[in-house]
Amino acid sequence: RGLELHLPTTSHRVAAPLKMATAIVWAAAVAATSLGPPAPPPPSPPLAPHYLKQPCNHFNAVAWNCTFQQLYYIDDHAWKGPENPDAMITFIPGGEAAMGGMYNYEILRDLATSRGGIVINMEHRFYGDSIPMGPEVGPHNMGLLSIEQAMADYANLIADTRTKYKCPHCPVVAGGGSYSGKLAAYMRLKYPTIVDMALAASAPVFLDSPGFGVEYDYYAIVTDATRKLSPKCPEAVRAAIATLLASDSITITQELNLCEPLDTEYVYGKLELLQRIMNQFADTAMGNYPPTRSPITTECNNLLSAPLGSLKSLSLFLDDRYKFTAGVGLERPSETAPPPPCYNLSSARAAGKHGRVVCSDWSGCGAGLNAEIWDYQACTEVIQPLGSNNVTDMFWKREWTLEWQTEHCFSRFDAKPLRDGRWLAHTMGLDELRAGRPGGFSRVIWSNGLQDPWSAGGVKEDIGDSLIAITMENGAHHVDLRPSDPDDTEDVIAARQREREILTHWLTEAAYERRDLNRVQT
């Protein structure tokens, strides 16, 4: 699933445990601990939380006929008024995590503020405080969670902002990374009169449905990125996993210093632990930037410090993770707190009925309520067929099947994948896009860091004149949206510059189109 980079500029509360956003937080913590702090975000005025009253259900006037308050942030400190010829709105869709402040996507915020525009960023329904029929989540309201409902929420906020700021002619740039980036592109497709263009960073749309032939590419990229920085590491991972599979539960519990005895049944014991190991490697691969401060190097050094193929090597690999991060697995009350006394696998599980580490997203769902919510989305709409084969990757052989997914989803939510798992391929025209035809898409930048495993499902070649693909050989998960860093590589710097140039050109086109349309309507 996509990692969300949530570096809020201000925070009014602590965000709930994130699915995989801890990769970036952890990578930053490693950098601050070992190689000095990363570049600070640019200063900005404090942003207060705002709320917009939304319908629980945008598409049925009878069922779930209620409203809820949806959190959003707005940055209008640079606003020069609707008469400003460069007036614009940047919209950042919230991703699969609670928001503790506006996402610090530097290029998107700078684009708007440099032109005297506005930035708005809304929390995704069901994450954080924005829960229709909340605060509880369950069968009574889970059916209101869908991409279609979320996009309708976002369209309402954009329309409300245009009205409040008297700027119906303001062009809108939607942009985001990972799931947020996919939503930006889908908003451009489904609401082309509201969103004029999109920057979809690390948006793996070809991993939103089975059938695109990339199911083994994700963990192959994780393995290749690991080998690039630590050539001996993949062999050590294979050997350690083989030992784990051959060991009994008592030995594993002792050697890995688990807080609870490992279940003797494979599905509830070894598979949970193996999934946690895969998730951790996936997270660190996404946070694998800049190369000079890669968390992969740290983790592999720990693993390689023990004898090859030993359970001790896995213990060192897992324990190191929890020295630096909170939010998934064992939490530390502060940076200076001592490390936890044991590895608590159960605290890395999703909430809800039959909640486990293993979920419908085999890159990891995270922990707690956020994980339950994402698991539902990955069960019904965002179907991500991620497998491993122990040939192109360093993990054990594990084939993803629709049958497994369907059984898992029914046991968790009494739900099943929509349209045999190909709902988004069907409704978003992804088969057309995969065939090199734009379908209904236009004015979308698709950016991908090639060290990011999610680039396996990304658009990496231009399609026509207005679907532009930008790749970064050294880049990881939507690094082009991150704040500038002294250790930025040349390809990432060049990508950001090209994105600015393309968006500026499109903004000029869209501004003329909107002013002409506004004159016709008035």
Side-chain angles (χ1 to χ4, degrees), residues 1-2 4 15-21 51-72 93-99 122-157 176 178-184 186-187 190-191 208-209 350-355 359-361 364-384 405-406 408-419 421-424 426-428:
R1 161 231 49 113
E4 290 299 331
L18 308 186
K19 175 174 166 283
M20 286 188 295
Y51 293 87
L52 181 67
K53 185 165 78 170
Q54 296 273 24
C56 294
N57 188 351
H58 292 276
F59 307 113
N60 190 309
V62 178
W64 290 302
N65 186 16
C66 58
T67 60
F68 73 103
Q69 297 294 321
Q70 191 163 10
L71 172 68
Y72 72 97
E96 69 279 40
M99 284 180 58
M122 177 168 260
E123 187 171 68
H124 194 295
R125 59 168 52 206
F126 280 87
Y127 293 94
D129 292 337
S130 304
I131 303 177
M133 300 180 68
E136 301 301 319
V137 176
H140 71 287
N141 59 356
M142 196 74 96
L144 292 166
L145 175 57
S146 71
I147 284 178
E148 291 76 16
Q149 296 280 8
M151 290 194 297
D153 293 336
Y154 298 152
N156 276 357
L157 176 62
S178 196
Y179 177 51
S180 173
K182 289 190 285 189
L183 290 171
Y186 293 156
M187 284 287 290
K190 293 297 186 180
Y191 294 90
D208 270 354
S209 298
K353 182 177 68 172
H354 305 309
C359 68
S360 51
D361 175 356
C365 284
L369 179 59
N370 261 32
E372 180 184 10
I373 296 167
W374 180 250
D375 195 8
Y376 176 83
Q377 287 196 263
C379 263
T380 52
E381 286 191 306
V382 191
I383 311 301
Q384 300 182 134
Q405 183 95 348
T406 301
H408 169 81
C409 298
F410 188 79
S411 70
R412 285 277 278 151
F413 307 109
D414 295 323
K416 64 180 182 179
L418 297 175
R419 203 179 174 88
R422 303 206 83 240
W423 175 253
L424 290 180
H426 173 67
T427 58
M428 302 297 176

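Residues take their numbers from the sequence shown, with the count starting at 1.
Annotation: side chain of M122 is in contact with side chain of L52 (closest heavy-atom distance under 4.5 Å). By the 4.5 Å heavy-atom criterion applied to side chains, M428 and D208 are not counted as neighbours. Annotation: side chain of L157 is not in contact with side chain of Q70 (no heavy-atom distance under 4.5 Å). Side-chain contact between Y376 and V137: absent, with no pair of heavy atoms (C-beta onward) separated by less than 4.5 Å. A 4.5 Å side-chain heavy-atom check between D375 and H408 finds at least one atom pair inside the cut-off. At a threshold of 4.5 Å between non-hydrogen side-chain atoms, the residues S209 and I383 do not count as touching. Counting only heavy atoms from C-beta outward, the side chains of N141 and F68 never approach each other to under 4.5 Å. The closest side-chain heavy-atom distance from H58 to N156 is below 4.5 Å.
With rounding to the nearest 0.5 Å, the separation of CD1 in I373 from CE in M142 is 6.5 Å. The distance from atom CZ of F126 to atom CD of Q377, rounded to the nearest 0.5 Å, is 9.5 Å. In this structure, the separation between OG on S130 and OH on Y51 is 7.0 Å, given to the nearest 0.5 Å. Residue L145 holds its CG atom at 6.5 Å from OG1 of T380, rounded to the nearest 0.5 Å. Here L418 contributes atom CG and T427 contributes atom OG1; the two are 9.0 Å apart, rounded to the nearest 0.5 Å. Here the CD-NE2 distance, from E372 to H354, works out to 12.0 Å after rounding to the nearest 0.5 Å.
Contact between Y127 and G95 at its shortest, heavy atoms only, is CD1-O, 4.0 Å. Taking each heavy atom of E148 and F59 in turn, the nearest pair found is O-CZ, 3.6 Å. Taking all atoms of both residues into account, the shortest heavy-atom contact from R125 to P132 is NH1-CG, 3.9 Å. Minimum interatomic distance between C365 and S360 (heavy atoms only, all atoms of both residues): SG-N, 4.5 Å. Closest of all the heavy-atom pairs between L183 and P93 is CB-CB, 4.0 Å. Closest approach of A184 and G176 over heavy atoms only: CB-N, 4.2 Å.
Side chain of E123 to main chain of L71: no donor-acceptor pair is present (N/O by atom type, distance under 3.5 Å, no hydrogens or angles). Formation of a donor-acceptor pair under 3.5 Å by the E381 side chain with backbone atoms of I147 is found in this model. A donor-acceptor contact shorter than 3.5 Å links the side chain of Q54 to the backbone of D153.
No more than 12 heavy atoms of other residues, nucleotides or ligands sit less than 6.0 Å from atom NZ of K416.
Aromatic ring orientation, Y154 versus H124: perpendicular (interplanar angle above 60°, classes split at 30° and 60°).
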For D414 and K353: C-alpha separation, side-chain torsions, deciding distance, then whether side chain to side chain contact (heavy atoms under 4.5 Å, CB included) applies. CA-CA 10 Å; D414 295 323; K353 182 177 68 172; 3.8 Å; yes
